[in-house]
Novice: 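Here's a structure for you.
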Amino acid sequence: MRILFIGDVVGRSGRSAVCERLPALRERLGTHFVIVNGENAAGGFGITEQIFIELTDAGADVVTTGNHVWDQREALVFIGRQDRLLRPLNYPPGTPGRGAGIFRASNGADVLVINAMGRIFMEALDDPFPAIEKEIGACPLKQAADAIFIDFHAEATSEKQAVAMNFDGRVTAVIGTHTHVPTADARVLAKGTAYMTDAGMSGDYNSVIGMEKAEPLQRFLTKIPSGRFMPALGPATICGALIEVDMDTGLARSIVPIREGAPLGG
Ligand SMILES: [Fe+2]
Ligand SMILES: [Fe+2]
């Protein structure tokens, strides 16, 4: 089975690229299941229900998020009726929506998708390690799920690697998101879990992590904000990874980075 993961969709540029290209990409790569991180899909900040529907219509089976999940306030409400939208697992008890779910792939396999968030240089959430442990304890690989995919949304490489190492051999893949630049370390770990520190974003790379350059530069150079962050609108590169799953073990046979659309930097 093949699982395609697509990193943080940023703004209109990223959204149009994913919506236009995902149906053909899904076909060409022989993909059975697609997960898209949509936390920056609405103007760079959060996701609306309409955009969520556009992404699922284009072929996303599940949309994951991260620290920007509530930037569009409507997400607090529509997450309750759209069970293919996940928010990080380790938000406080009582947070709307859910951080994990089992979904059916096109080949009939059951895929447990977990969205969790790191705590280093991020908000002080609950500890992601026991939160993930609880989910995979309730739904172990090859007993209750044919594959287990973790989108670990975090700033620090060390924390991402630690999650991957801790769950190596017990989940199919741990892929990082949030830093918006693809890392060159896609590999299958010693016990069979596919790993990539960051999938990269799907957006315009002629930017500062997806945002029009002027405002981030202004803030770095002068420390004085002069406006809002706006997503860069040039041609997008879709970044992600394709994981081949061994159906006997539920572990990964291979992982290859995916880059589609404009070359990085337009
Ligand atoms: Fe992001
Ligand atoms: Fe993020």
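Side chains are part of it too, since the values below use all heavy atoms of this structure and drop only hydrogens, waters and symmetry mates. All of these numbers come straight from a predicted model, not from anything done at the bench. Remember, it's 1-based here, ligands and their atoms both numbered in the order they're listed.
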Novice: At their closest point, which heavy atom of Leu55 faces which heavy atom of Cys19, and how far apart are they?
Specialist: CD2-SG, 4.3 Å
Novice: Can you name the closest pair of heavy atoms from Arg26 and Val34 and give their distance?
Specialist: NH1-CG2, 3.5 Å
Novice: Show your reasoning for whether side chain to side chain contact (heavy atoms under 4.5 Å, CB included) applies to Arg259 and Ile238.
Specialist: CA-CA 6 Å; Arg259 284 193 199 169; Ile238 296 171; over 6 Å; no
Novice: With 2.8 Å as the limit, jot down which protein N, O or S atoms are around the Fe ion (ligand 2).
Specialist: Glu39 OE2, Asn67 OD1, His153 NE2, His178 ND1
Novice: Atom CZ of Phe229 and atom CG of Asn40: how far apart are they, to the nearest 0.5 Å?
Specialist: 12.0 Å
Novice: Hey, does the side chain of Arg104 reach the backbone of Gly108 with a donor-acceptor pair shorter than 3.5 angstrom?
Specialist: yes
Novice: Start with the C-alpha distance between Arg98 and Glu135, add both sets of side-chain angles, then the distance that settles salt bridge (Lys or Arg N to Asp or Glu O under 4.0 Å), and finish with yes or no.
Specialist: CA-CA 11 Å; Arg98 59 189 183 142; Glu135 292 301 326; over 6 Å; no
